[in-house]
Amino acid sequence: MKEAQLILVDKKVLPDVFGKVLLAKSYLSKNMAKNSSEACKMADLSRSAFYKYKDSVFFYEDQDKSRVITYSLWLSDDPGVLSEVLTVLSRFGVNILTVNQNIPVDRVALVTISFRIQGDSFDGLMQEAIQEALSAISGVVKAKKI
């Protein structure tokens with residue numbers, strides 16, 4: 001099987017079908033359409049064209065402008081601790097992807113949180129600020145970036 005070769009091309013020089021495929025994919029991903037047939041109708045696109053190009057056409061922004069960061073946290077089993085952790089992370093403008101919490105043992109629960117951060121903004125200073133903010137929350141026993 002031949003390896004994919006990606007190129008970056010301005011949308012305005014491409015046939016309209018590619019923009020319509022992106023639009024239909026957007027309708028599906030945002031749950032604005034129940035299925036691909038409905039998304040194709042909304043985007044004024046044939047289903048055959050959609051299926052021909054759907055796995056090969058992507059928005060540039062979707063490719064590699066963000067990073068996924070994961071933290072392990074040991075949280076005391078007290079009301080509101082996890083909520084406060086999520087609030088603090090949201091203040092840093094991150095997009096929470098997953099939250100996995102184990103059952104507490106000795107009143108401490110291991111929580112793993114993955115979040116997406118845009119661009120190169122997760123530099124040393126921001127990493128330090130997030131670490132300090134998480135560690136300062138009452139009920140956070142330990143916070144560690146993994």
Side-chain angles (χ1 to χ4, degrees), residues 1-75 77 79-105 108-137 139-140 142-146:
M1 186 172 184
K2 203 172 185 185
E3 189 174 317
Q5 292 182 326
L6 302 177
I7 60 172
L8 184 62
V9 180
D10 191 325
K11 180 181 161 190
K12 65 184 170 191
V13 301
L14 293 173
D16 289 341
V17 67
F18 296 112
K20 291 179 179 183
V21 169
L22 291 171
L23 185 59
K25 287 175 67 172
S26 176
Y27 289 146
L28 286 169
S29 68
K30 294 178 180 174
N31 227 9
M32 295 169 68
K34 290 184 266 185
N35 53 42
S36 57
S37 293
E38 187 176 329
C40 289
K41 284 179 188 173
M42 293 169 67
D44 191 29
L45 174 71
S46 73
R47 285 181 48 231
S48 61
F50 176 76
Y51 284 110
K52 181 177 182 178
Y53 297 116
K54 75 176 183 68
D55 295 328
S56 300
V57 180
F58 307 96
F59 282 109
Y60 176 71
E61 294 85 29
D62 293 343
Q63 294 305 305
D64 198 30
K65 282 190 146 187
S66 64
R67 290 182 47 197
V68 175
I69 310 297
T70 303
Y71 268 84
S72 282
L73 300 120
W74 287 260
L75 305 180
D77 186 23
V81 177
L82 179 57
S83 176
E84 181 63 23
V85 166
L86 296 175
T87 300
V88 165
L89 287 174
S90 71
R91 288 184 192 134
F92 283 96
V94 305
N95 181 22
I96 306 290
L97 301 173
T98 64
V99 178
N100 297 306
Q101 180 175 354
N102 293 346
I103 294 174
V105 176
V108 175
L110 173 61
V111 177
T112 305
I113 299 176
S114 295
F115 55 87
R116 179 176 290 132
I117 190 144
Q118 294 300 322
D120 296 325
S121 58
F122 194 70
D123 59 10
L125 290 175
M126 185 173 189
Q127 184 174 339
E128 226 175 270
I130 288 176
Q131 183 73 38
E132 285 177 19
L134 291 174
S135 298
I137 297 170
V140 173
K142 182 178 178 183
K144 179 181 173 187
K145 180 181 169 278
I146 54 174

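Every value quoted in this text rests on a predicted model; they were computed, and no experiment measured them.
Checked against salt bridge (Lys or Arg N to Asp or Glu O under 4.0 Å), Asp10 has the following partners two or more places apart in sequence or in another chain: Lys12. The side-chain contact (heavy atoms from CB on, under 4.5 Å) test applied to Leu134 returns Tyr71, Leu73, Val85, Val88, Leu89, Ile130, Ile137, Ala143, not counting sequence neighbours. Evaluation of the ring-ring contact (aromatic ring centres under 6.0 Å, His included) rule for Tyr53 yields Phe18 as partners, not counting sequence neighbours. Listed by chain and number, the residues in a side-chain hydrogen bond (donor to acceptor under 3.5 Å, both in side chains) with Ser48 are Ser46 (sequence neighbours excluded).
Atoms CG and NZ, from Leu45 and Lys54 in turn, are 12.5 Å apart once rounded to the nearest 0.5 Å. Atom NZ of Lys145 sits about 11.5 Å away from atom OG of Ser72, to the nearest 0.5 Å. One finds the CZ atom of Phe50 at 10.0 Å from the CG atom of Leu22 (value rounded to the nearest 0.5 Å). In this structure, CD1 on Ile117 lies 10.0 Å from CD on Gln127, to the nearest 0.5 angstrom. Rounding to the nearest 0.5 Å gives a distance of 11.0 Å between NZ of Lys144 and OG1 of Thr112. Distance check: Leu28 CG to Asn35 CG gives 7.5 Å after rounding to the nearest 0.5 Å.
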Return a table of donor-acceptor pairs under 3.5 angstrom between the side chains of residues 90-105 and protein atoms on other chains or two or more places apart.
{"residue": "Ser90", "atom": "OG", "partner": "Thr87", "partner atom": "O", "Å": "2.7"}
{"residue": "Thr98", "atom": "OG1", "partner": "Ser114", "partner atom": "OG", "Å": "3.4"}

Query raised in the report: Would Cys40 and Tyr27 satisfy side chain to side chain contact (heavy atoms under 4.5 Å, CB included), going step by step from the backbone distance to the final call?
Result: CA-CA 9 Å; Cys40 289; Tyr27 289 146; over 6 Å; no
Requested in this report: Quick one: do Val9 and Leu14 satisfy side chain to side chain contact (heavy atoms under 4.5 Å, CB included)? Show the steps, please.
Outcome: CA-CA 8 Å; Val9 180; Leu14 293 173; 3.8 Å; yes
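Contact check for Ile113 versus Leu86: side-chain heavy atoms found under the 4.5 Å cut-off.
Within the 3.5 Å criterion, the main-chain N or O of Ser26 finds a donor-acceptor partner in the side chain of Ser29.
Residue pairs meeting the salt bridge (charged side-chain N to carboxylate O under 4.0 Å, His left out) criterion with at least one member in residues 24-49, sequence neighbours excluded: Lys20-Asp44.
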